[in-house]
J.: 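The structure is given below, and queries will be raised subsequently.
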Amino acid sequence: MTEIIGVVGAGYVGATTAAGFAHLGYRVGVVDTDPRKVHGISTGHSGLAEPGLDEMIDAAVRAEMLTASEHYETLAEATIVFVCVPTPMRSDGAADLTFIDAAIGGLRPTLGPGNIVVLKSTVPVGTGDAVDEAVRDLGVHVVNNPEFLREGHTVRDFLNPDRVVVGGEAEPAGRVAALYRDVGAPTSCVDRCSAELAKYACNSFLALKLSFVDELASLAERIGADIDEVTDIMGRDSRIGREFLRPGPGWGGSCFPKDIRALASIAEAVGLPMRTVTAAIDANEAQSERIVDIVVDTVGVDGHVAVWGLTFKAGTADLRESPALKIVGALRKEGMRVSAHDPTVTDRFALSARLPVEFTPESARMPSFDILADPSSIVPGTDAIVVTTEWEVYRSVDWSAVAHRSPRAFVFDTRGVVDARAVRAAGLRFRRIGVAES
Ligand code: UGA
């Protein structure tokens with residue numbers, strides 16, 4: 001049978017899933033409640049800085065393999081519908097399923113016997129059962145198919161995944177797994193609960209690995225070791241692996257913080273608290289605080305700090321749960337003057353409009369916050385430069401121009417991207433995360 005695919009939600013995951021399946025030869029319809037996103041997809045623009053995504057959307061729309069609409073009725077012919085809506089974090093750490101409920105409510109009139117609803121959004125264990133309950137009378141199957149798409153790499157990760165995970169009963173799970181046949185990845189067909197838990201397990205384990213490395217970096221600094229040498233040795237052990245061993249100002253983004261808290265909350269709810277998970281959350285809070293303490297201790301609260309990098313990682317315009325924003329907020333709270341550079345931020349008004357909701361207290365004080373057009377145009381007399389995102393541009397800075405403007409600047413590289421020799425050659429003090437200051 002040739003499946004017809006529906007996708008609800010046109011964010012990173014939905015837009016990539018829709019374009020990806022159209023690219024693999026399926027007819028796909030997308031529904032989103034935001035008319036701008038619908039218009040964007042219909043004209044070949046996702047509105048996302050994802051390499052290759054707009055090209056793939058444009059080609060699919062032109063080939064009439066992909067359409068977008070605000071109306072669920074347009075999915076009436078779909079045999080498999082992927083739900084790709086946000087599951088933000090509630091104040092108690094659990095996942096907010098409002099958008100899932102709205103999607104299922106919207107889809108209900110279009111669903112019929114033999115159709116499959118696929119939960120691709122990250123959902124707490126048991127959500128599949130609840131959705132199953134809500135659509136069972138229609139003869140609809142519910143399957144979980146977690147996504148492993150990194151922002152900035154979603155197209156590559158969709159077309160070349162490490163694995164495909166499908167959770168549900170054998171027949172519908174087999175139909176969903178078959179959609180991915182041409183990507184040629186190992187496929188795990190498991191029960192729904194295992195698929196739901198596996199998604200949280202993957203993100204939480206990576207976060208935990210990073211928190212270990214962040215703490216190890218502090219220890220290395222204190223006792224005179226070099227974290228890069230240590231993680232290189234660790235990474236050569238195939239049981240540990242080379243990825244996710246770079247220390248930083250703490251992990252962030254729209255996924256790790258919410259997913260690890262959701263896992264903690266799932267475990268708590270059944271009376272089995274996961275101490276490793278809560279320790280990683282605590283360690284991550286402490287990581288950005290430690291960066292702030294180092295800056296304050298080094299230059300004093302009267303100092304002027306330039307923060308380089310505002311997004312939660314390089315290669316994305318996403319500011320959600322960015323450790324850099326936490327650091328900016330904390331430095332300003334100390335009373336310090338802060339300016340910032342980020343390749344995706346042109347001016348402070350554009351920044352204010354993009355600030356995530358969790359940044360509200362700081363955004364209120366944004367007017368006195370300077371945005372730098374390029375990193376070396378720092379304000380004369382800047383006392384400290386803190387590199388908080390690993391953008392390429394920070395690898396090749398004109399350090400003599402920086403030193404000319406701010407000869408006393410202390411440079412603190414929390415991402416390990418700065419050319420230490422060039423900084424020192426310009427006569428500036430330098431410190432890299434995970435290495436004792438020499
Ligand atoms: C993450 C996962 O990597 C994806 O597999 C998953 O599908 C996605 O969440 C999701 O659940 O939707 P993403 O949030 O785009 O993807 O970010 P990552 O590239 O995983 O980075 C997460 C954080 O770890 C960032 O703050 C990054 O700066 C930090 N990081 C990563 C380090 O500090 N060091 C490293 O070596 C690697």
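We count ligands from 1, going down the list as the structure has it; atoms in each ligand are counted the same way.
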J.: Flag the pair E50 / Y12 as yes when at least one side-chain heavy-atom distance between them is below 4.5 Å, and no otherwise.
T.: yes

J.: Short list, please: which atoms of ligand 1 are under 4.0 Å from a heavy atom of W251?
T.: 23 (C), 24 (O), 26 (O)

J.: Does the ring of F410 carry R431 above it, NZ/CZ under 6.0 angstrom from centre and within 45° of its axis?
T.: no

J.: Per the side chain to side chain contact (heavy atoms under 4.5 Å, CB included) rule, which among L216, D226, I227, I433 passes with E221?
T.: I433

J.: To check your reading of the model: name the closest protein heavy atom to atom 24 (O) of ligand 1, its residue, and the distance in Å.
T.: L210 CD1, 3.2 Å

J.: For the residue pair F412 and F430, is the inter-centroid distance of their aromatic rings smaller than 6.0 Å?
T.: no

J.: Going by atom types only, do D191 and S194 share a side-chain donor-acceptor pair under 3.5 Å?
T.: yes

J.: Spell out, as yes or no, whether a donor-acceptor pair under 3.5 Å connects the side chain of E147 to the backbone of L149.
T.: yes

J.: For atom 10 (C) of ligand 1, what's the nearest protein heavy-atom neighbour? Residue, atom name and distance, please.
T.: C255 SG, 2.9 Å

J.: Taking the non-hydrogen atoms of R415, is any one of them nearer than 4.0 angstrom to ligand 1?
T.: yes

J.: Can you tell me which residue and heavy atom of the protein come closest to atom 16 (O) of ligand 1, and the distance to 0.1 Å?
T.: R150 CA, 3.7 Å

J.: To which protein heavy atom is atom 36 (O) of ligand 1 closest, and what is the distance rounded to 0.1 Å?
T.: R246 N, 3.1 Å

J.: What residue and atom, counting heavy atoms only, is the protein's closest point to atom 21 (O) of ligand 1, and at what distance?
T.: K313 CD, 4.1 Å

J.: Measuring from atom 25 (C) of ligand 1, which candidate in F312, F148, F256, Y12 has the nearest non-hydrogen atom?
T.: F312

J.: Which of the atoms of ligand 1 are close to K199, meaning less than 4.0 Å from one of its heavy atoms?
T.: 6 (C), 7 (O), 10 (C), 11 (O), 12 (O)

J.: Let's go through R242 and T231 carefully: what are the C-alpha distance in whole Å and the side-chain angles of both, what is the deciding distance for side-chain hydrogen bond (donor to acceptor under 3.5 Å, both in side chains) to 0.1 Å, and is it a yes or a no?
T.: CA-CA 8 Å; R242 304 198 73 85; T231 53; over 6 Å; no

J.: So if I count the atoms of ligand 1 from 1 in the order they appear, which ones are less than 4.0 Å from some heavy atom of E151?
T.: 15 (O)

J.: Are H23 and F158 close enough that their ring centers fall under 6.0 Å?
T.: no

J.: Please list the nearest protein heavy atom to atom 2 (C) of ligand 1 with its residue and the distance rounded to 0.1 Å.
T.: N203 OD1, 3.5 Å

J.: I'd like to check which ligand 1 atoms, numbered from 1 as shown, lie under 4.0 Å from a non-hydrogen atom of E147.
T.: 7 (O), 10 (C), 11 (O), 12 (O)

J.: With atoms numbered from 1 as shown, which atoms in ligand 1 lie under 4.0 angstrom from a non-hydrogen atom of L245?
T.: 36 (O)

J.: Assess the pair F21 and Y180: is the distance between their ring centroids shorter than 6.0 Å?
T.: yes

J.: For atom 20 (O) of ligand 1, find the nearest protein heavy atom and state the residue, atom name and distance (0.1 Å precision).
T.: F244 CZ, 3.3 Å

J.: Considering only NZ, NE, NH1 and NH2 on the basic side and carboxylate oxygens on the acidic side, decide whether E392 and R415 come within less than 4.0 Å.
T.: no

J.: Atom 26 (O) of ligand 1: which protein heavy atom is closest, and how many Å away?
T.: G252 N, 2.9 Å

